[in-house]
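Report on one structure; see the data block that follows.
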Amino acid sequence: MVDAGGHGAVVTEAIAINHAVKAAARALGADPVDRDAEARAGAALAALIQAGQADGDIQQDVTVDDIYLLFSTAPTNQPSAARTRWLTLVLTGLTTHT
């Protein structure tokens, strides 16, 4: 069983807050995207995925685009319990541990 508590839950909550802040900025006409920071984050994420795959912890077919897709579909406007359940389901699909 994959545990959705701990760091995963903290990250999910941070994503929910970040998503709300970016939505507010877009509503005000601001572009909150920093292309250089986004490129660095993508490279760091790729390195983390590769390390997890090398250790046998992350499914071999998981890509950076998969993670971005998951972030974009996170139920950020739902209660904490729904976000925790979403994270449990996502982690089950990403990791090799059940």
Side-chain angles (χ1 to χ4, degrees):
M1 178 84 157
V2 176
D3 180 16
H7 297 298
V10 171
V11 170
T12 302
E13 292 301 313
I15 291 169
I17 292 167
N18 191 30
H19 182 76
V21 169
K22 286 183 178 181
R26 278 191 299 278
L28 296 172
D31 181 10
V33 177
D34 177 340
R35 303 289 179 215
D36 290 336
E38 188 174 312
R40 288 191 308 274
L45 185 54
L48 288 172
I49 291 169
Q50 290 170 354
Q53 290 168 331
D55 288 344
D57 295 327
I58 296 178
Q59 300 288 348
Q60 289 298 313
D61 62 343
V62 173
T63 67
V64 171
D65 287 339
D66 293 332
I67 302 302
Y68 286 148
L69 175 62
L70 292 172
F71 286 167
S72 72
T73 63
T76 58
N77 60 343
Q78 298 296 314
S80 180
R83 293 190 302 266
T84 299
R85 178 64 182 149
W86 175 87
L87 181 61
T88 299
L89 295 171
V90 165
L91 289 176
T92 301
L94 291 175
T95 63
T96 59
H97 307 287
T98 56

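Basis for what follows: all heavy atoms, side chains included, without hydrogens, waters or symmetry-related copies.
- Side chains of Gln59 and Thr96 form a contact here, defined as non-hydrogen atoms less than 4.5 Å apart.
- Closest approach of Pro75 and Ala82 over heavy atoms only: CG-O, 4.2 Å.
- In this structure, the side chain of Gln53 engages the main chain of Gln60 through a donor-acceptor pair within 3.5 Å.
- Considering every non-hydrogen atom in both Thr95 and Leu91, the closest pair reads OG1-O, 2.7 Å.
- Residues that satisfy the side-chain contact (heavy atoms from CB on, under 4.5 Å) test with Ala37, not counting sequence neighbours, are Asp34, Arg40.
- Annotation: side chain of Leu70 is in contact with side chain of Trp86 (closest heavy-atom distance under 4.5 Å).
- Here CG of Leu69 is found 9.0 Å from OG1 of Thr63. Values are rounded to the nearest 0.5 Å.
- Side chain of Arg83 to main chain of Gln78: a donor-acceptor pair is present (N/O by atom type, distance under 3.5 Å, no hydrogens or angles).
- Atom CG of residue Leu89 and atom OG1 of residue Thr84 lie 11.0 Å apart, to the nearest 0.5 angstrom.
- Looking at residues two or more places apart in sequence or on another chain, you find a side-chain contact (heavy atoms from CB on, under 4.5 Å) between Val64 and Leu45, Ala46, Ile49, Tyr68.
- By the 4.5 Å heavy-atom criterion applied to side chains, Leu94 and Ile67 are counted as neighbours.
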